[in-house]
Protein chains: 2
Amino acid sequence: MTDLDLVLKEHGLRKTTFRKELLSLFYDSNSSLTAEEVKNILGHTTDKVTIYRALDAFEKTGLIHRVPDKSNLTRYAICHSECSSIKHVHNHAHFICNSCNETFCINDIKIPHIEGAKGFLIKNAKLTLEGDCPQCQS
Amino acid sequence: MTDLDLVLKEHGLRKTTFRKELLSLFYDSNSSLTAEEVKNILGHTTDKVTIYRALDAFEKTGLIHRVPDKSNLTRYAICHSECSSIKHVHNHAHFICNSCNETFCINDIKIPHIEGAKGFLIKNAKLTLEGDCPQCQS
DNA sequence: TCTTTAACGCAACTCGGTTGCAAATATAAA
DNA sequence: TTTATATTTGCAACCGAGTTGCGTTAAAGA
Ligand SMILES: [Zn+2]
Ligand SMILES: [Zn+2]
Ligand SMILES: [Zn+2]
Ligand SMILES: [Zn+2]
């Protein structure tokens, strides 16, 4: 039983060929993926509904998390923290490259603590950065 | 010539009945509006295409700016700063209420300066807060 | 092996938003 | 005030990401 199999099992998911490939994609990616990108990488053999449902399942069980996307597509990246089906726990910033339009998790940048303003009760904060990623700087 | 007329003219837009009402909506709102909310408030008389195109025009000329939305709808709020057709200039946080799903501009909270990480060149930063807005706290 | 349940594939659908084009109207020049 | 020009509007048709229903396939556990 490989690592991928074990991870799927631990999260209550079945180890099908497609889901092992999908999980592997996320572990190998240094940035993030949309459903369409998954479909292109995997060679169009898998139905889009299957992809969407697998992404939903992965998110619900704490394997991947949603990241912001330049075009408002639904985009996911792997969870490195102690996420589970109970709760996602993230404290890092996300970076959207103006040039390649990719989204990166920036684990080195933590979300600063923000003081509430005039009656607003803050329970969560998201920090999204924009600019040029390392690959896109000449 | 009313204030609304003048503002439209200064931004190179014609003062039609609909666009004056639309601009008035944004000035009167303390939060933000989607195309559908505009349609509902104005009573369904105006075609949705007209609304979308007016919102586009208002954004391009610096009258309104996009704000984050809980459901990824396109949502706008009035620009209070020195925005124009050349450039939008904003430095405030946005707050999404978990209860009423509204989005508020929080002008009191400025975006903190973020140091770049390992090769990422940061040109812009967005801070989105979530929690309970003043109206939704019991 | 048998039974149960999750995962898959197909078709049809939803819905926020867009495009093309002709008609209406605001603006400014004559 | 009339006329010319450019913007705005309305309708219909379209687009595309994501969803839903349902019957079939295939893991997992007994
Ligand atoms: Zn997570
Ligand atoms: Zn992330
Ligand atoms: Zn602005
Ligand atoms: Zn704002």
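It should be emphasised that the depicted structure is a prediction, and the values quoted were computed from it without experimental measurement. In the text below, chain A, chain B and the rest are named by the order of the sequence lines, each starting its count at 1.
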Under 4.0 Å protein heavy-atom contacts per nucleotide of nucleotides 19-30 of chain C, with B for base, S for backbone only and - for none: BBB----BS---
Worked check of side chain to side chain contact (heavy atoms under 4.5 Å, CB included) between A:Phe58 and A:Leu13: CA-CA 9 Å; A:Phe58 280 17; A:Leu13 302 170; 3.7 Å; yes
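Where A:Thr45 and B:Arg75 meet DNA chain C, the nucleotide closest to each residue was compared, and A:Thr45 sits on the side nearer the 5' end. Take the nearest nucleotide of DNA chain D for B:Phe18 and for A:Asn72: the residue whose nucleotide is more 5' is B:Phe18.
The side-chain heavy atoms of B:His90 and B:Cys79, taken from C-beta on, include a pair separated by under 4.5 Å. Using a 4.5 Å cut-off on side-chain heavy atoms (C-beta onward), B:Ile96 and B:Val67 make no contact. Residues B:Phe95 and B:Ile109 form no side-chain contact, since every pair of their non-hydrogen atoms from C-beta on lies 4.5 Å or further apart.
Applying the under-4.5 Å side-chain rule to Ile, Leu, Val, Met, Phe, Trp and Tyr, the cluster around B:Ile86 consists of that residue alone.
Only one option out of A:Glu36, A:Glu102, A:Glu59 pairs with A:Arg75 in a salt bridge (Lys or Arg N to Asp or Glu O under 4.0 Å); it is A:Glu102.
Residues passing the salt bridge (Lys or Arg N to Asp or Glu O under 4.0 Å) test with B:Lys123, sequence neighbours excluded: A:Asp132.
Separating the CG atom of B:Leu73 from the P atom of C:dT14 is a distance of 18 Å, rounded to the nearest angstrom. For A:Asp56 and C:dC8, the CG to C1' distance is 14 Å, given to the nearest whole Å. Rounded to an integer number of Å, the gap from CD1 of A:Ile51 to P of C:dC10 is 12 Å. Computed from coordinates, the A:Leu55 CG to C:dC8 C1' distance equals 14 Å when rounded to whole Å.
Overall bending of the helix from C:dT1-D:dA30 to C:dA30-D:dT1, expressed as the angle between end axes built from five pairs apiece, is 30° (10° steps).
With hydrophobic clusters built from ILVMFWY side chains whose heavy atoms lie under 4.5 angstrom apart, B:Val89 does not share a cluster with B:Leu63.
With a cutoff of under 4.0 Å to any heavy atom of chain B, the contacted region of DNA chain D is bounded 5' to 3' by D:dA6 to D:dA12.
Ring geometry, A:Tyr76 versus A:Phe26: the interplanar angle exceeds 60°, so the pair is classed perpendicular (tilted spans 30 to 60°).
Within the nucleic acid shown, B:Thr74 comes within 4.0 Å of sugar-phosphate atoms alone, with no base atom in reach, counting heavy atoms only. Residue contacts for B:Thr34: at a heavy-atom cut-off of 4.0 Å it reaches no nucleic acid atom on any strand shown.
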Acceptor/donor pairs from residues 111-122 of chain A side chains to any protein atom, 3.5 angstrom cut, sequence neighbours excluded:
none

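For the pair B:Lys70 and B:Glu130, the salt-bridge criterion is not met [side-chain N within less than 4.0 Å of a carboxylate O].
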